[in-house]
Amino acid sequence: MSKRRRVIIGVGAGIAAYKTTNVVRALVKSGFDAWVIPTPASLKMVGEVTWRALSGNPVYSQVDEPKSGVGHIELARDASAILVAPATADLLARIAHGIADDMLSNVILAANCPLLLAPAMHTNMWENAATRENVQILRQRGARFVGPVAGALSSGDQGIGRMAAEDDVISQMLGILDSGTWNDQQVMVSAGGTREPLDPVRFLGNRSSGRFGVEIARQFALQGANVTLLAANIDSALLASLSEKVAVISTPTAAQMHRVALELFPKMQAAVMAAAVADYQPVEFQSQKIKKTMEKGEFSLRLRPTADILADLAAKKHDNQFLAGFAAETGSWDQVVQLGREKARRKGADIIFINQVGESSGFGDVTTRVKAVDQQGREIGQFAGAKTQIAGQIVALIRQQIS
Ligand code: CTP
């Protein structure tokens, strides 16, 4: 597996520090080498043991703490991006003025990578002229901000000053980490559920809405890729929400998707096959509507297997191409994972994203749980949350596997 990219998460002394635990967890699950650097005062809010357990790395808050190896210069040099959450008024002031009196401020001063700040403070402090000027200085130097947002503050007041929601912080951070990394790359994504026609009005289909694949296509496009989306029966309003960086080709049946996928794949750097493809299609298509005749009693359909698109792509894949598929499984989570691992070993894709589906889970705009495994079925990532958020993590994980 490729070397994990390092991200630094600075934690200031605000009550919102507990929210940052979720951010650290998400970054680790997305495959990043996360290093948490709390300010000494913030350790009263969330302690060193928690950060160490979540990140899997040592936690230093003072410059003289590392006994060997990773000092502030090395931490700074190898960082792909730094997040500070919560960023207190005091921290913003110190960063803006180059004051380096603890590990975090030293690392930030020594680093040359993107910096994302998630401020959290009382409204009066946020609106104070000193803070406004510090924010201005930091923006001019290229720092990015997420939040603060309006809501209940720890003082009991209402107003602007709450730290942005974890999901927003995570997606901004992943966006920074991956922005431009897919520039001008060709990526193919399949989405939706195929429909296999029986007669002019009926088909065999499935419940897939195409939401997951659409979100994955959107993330690739946001990060600069030219995306071709093979769309199987996706709601037009959902497709209309995509930018012009996504070329949509309608592939309503398994056979159509198979033909287009095989034709386009040689031009692609990466393909993510997220569509729910029918495993069988009717042997015969009746050109007239099939009539119900009571005397016939039971009615049987003759079906034949469709081609396995993912497996066919895997067989044609070159070393410089990356192929990912999904394993949509039902049952308990343990069963789902077990079936997904077996599928990963069978299909030959570089990654399989295992997810649980059922009548009320997995399809449409719901929260989802996904485990990523490699060709041998070994876990390489795990995500949970809204599909938009997981889509960003999926694209980030694929990037990591390639680079
Ligand atoms: N897939 C495909 N062509 C098919 C069936 C599935 O390319 N004819 C792809 C899907 O897009 C997905 C992966 O294979 O990326 C797994 O799909 P899934 O429906 O979970 O598995 P199946 O291969 O259909 O296996 P099973 O029916 O045993 O679950």
Side-chain angles (χ1 to χ4, degrees), residues 7-27 34-48 50-51 54-55 59-63 79 81-109 111 113-176:
V7 293
I8 288 174
I9 302 102
V11 184
I15 296 294
Y18 75 92
K19 292 193 197 170
T20 307
T21 56
N22 290 326
V23 178
V24 173
R25 203 194 316 254
L27 290 169
W35 286 70
V36 180
I37 310 184
T39 62
S42 80
L43 291 170
K44 289 197 202 114
M45 278 79 183
V46 179
E48 185 254 339
T50 304
W51 295 127
L54 288 174
S55 67
V59 173
Y60 307 121
S61 56
Q62 298 287 12
V63 179
I82 300 177
L83 164 72
V84 182
T88 57
D90 169 70
L91 250 178
L92 292 181
R94 286 194 285 136
I95 301 168
H97 295 281
I99 296 167
D101 55 359
D102 57 15
M103 184 58 135
L104 178 58
S105 47
N106 271 275
V107 168
I108 291 175
L109 201 56
C113 61
L115 174 64
L116 177 66
L117 301 162
M121 65 197 75
H122 190 272
T123 314
N124 292 352
M125 296 170 83
W126 176 246
E127 287 175 352
N128 185 288
T131 307
R132 307 301 322 146
E133 279 175 29
N134 290 334
V135 169
Q136 176 81 0
I137 291 170
L138 290 164
R139 277 195 205 282
Q140 278 166 1
R141 288 192 201 134
R144 279 173 252 193
F145 284 80
V146 51
V149 296
L153 305 173
S154 57
S155 60
D157 296 338
Q158 292 279 333
I160 184 128
R162 276 175 73 85
M163 190 172 108
E166 290 101 305
D167 282 358
D168 291 335
V169 177
I170 294 163
S171 63
Q172 289 261 1
M173 190 63 179
L174 292 175
I176 286 172

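Just so you know, these numbers come straight off a predicted model, no measurement behind them.
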Under a 4.5 Å cut-off applied to non-hydrogen side-chain atoms, are [X] and [Y] in contact?
X: Arg162; Y: Pro148; answer: no
X: Pro40; Y: Gln62; answer: yes
X: Met45; Y: Tyr18; answer: no
X: Thr39; Y: Arg94; answer: yes
X: Trp35; Y: Val7; answer: no
X: Trp126; Y: Arg132; answer: yes
X: Thr50; Y: Thr21; answer: yes
X: Ile8; Y: Val36; answer: no

First locate atom [atom1] of [X], then atom [atom2] of [Y], and finally report the distance between them rounded to the nearest 0.5 Å.
X: Met163; Y: Leu117; atom1: CE; atom2: CG; answer: 12.0 Å
X: Thr131; Y: Gln136; atom1: OG1; atom2: CD; answer: 13.0 Å
X: Leu115; Y: Ile176; atom1: CG; atom2: CD1; answer: 8.5 Å

Worksheet item: Considering the options Leu104, Ile108, Val11, which one meets the side chain to side chain contact (heavy atoms under 4.5 Å, CB included) requirement together with Ile37?
Response: Leu104

Item to complete: Could you point out which residue of Ile82, Asp168, Ile9, Leu83 forms a side chain to side chain contact (heavy atoms under 4.5 Å, CB included) with Met173?
Response: Leu83

Looking only at heavy atoms, which two atoms of [X] and [Y] are closest? And how far apart?
X: Ser55; Y: Ala34; result: CB-O, 3.3 Å
X: Ala100; Y: Leu109; result: CB-CD2, 3.8 Å
X: Cys113; Y: Ala79; result: CB-O, 3.5 Å
X: Ser155; Y: His122; result: OG-CD2, 3.3 Å
X: Ala164; Y: Val169; result: O-CG2, 3.8 Å
X: Ile170; Y: Asn22; result: CD1-O, 4.1 Å

Quick one: does [X]'s side chain have a donor or acceptor within less than 3.5 Å of a partner on [Y]'s backbone?
X: Asn128; Y: Asn124; value: no
X: His97; Y: Ile99; value: no
X: Ser42; Y: Pro38; value: no
X: Thr20; Y: Ala85; value: yes
X: Arg141; Y: Ala96; value: yes

Item to complete: Could you go through the side-chain contact (heavy atoms from CB on, under 4.5 Å) check for Met121 and Asp90 one step at a time?
Response: CA-CA 10 Å; Met121 65 197 75; Asp90 169 70; over 6 Å; no

Item to complete: For Leu174 and Leu27, run side-chain contact (heavy atoms from CB on, under 4.5 Å): C-alpha distance rounded to whole Å, both residues' side-chain angles, the deciding distance at 0.1 Å, then the answer.
Response: CA-CA 8 Å; Leu174 292 175; Leu27 290 169; 4.0 Å; yes

Discussion item. Using the rule given for side-chain contact (heavy atoms from CB on, under 4.5 Å), can you reason through Arg144 versus Gln172, listing the C-alpha separation, both sets of side-chain angles and the distance that settles it, and then say yes or no?
Written reply: CA-CA 9 Å; Arg144 279 173 252 193; Gln172 289 261 1; 5.6 Å; no

Item to complete: Give the intermediate values and the outcome of side-chain hydrogen bond (donor to acceptor under 3.5 Å, both in side chains) for residues Ser105 and Asp102.
Response: CA-CA 6 Å; Ser105 47; Asp102 57 15; 2.5 Å; yes

Practice prompt. Check step by step if side-chain contact (heavy atoms from CB on, under 4.5 Å) holds for Leu92 and Leu138.
Written response: CA-CA 8 Å; Leu92 292 181; Leu138 290 164; 4.0 Å; yes

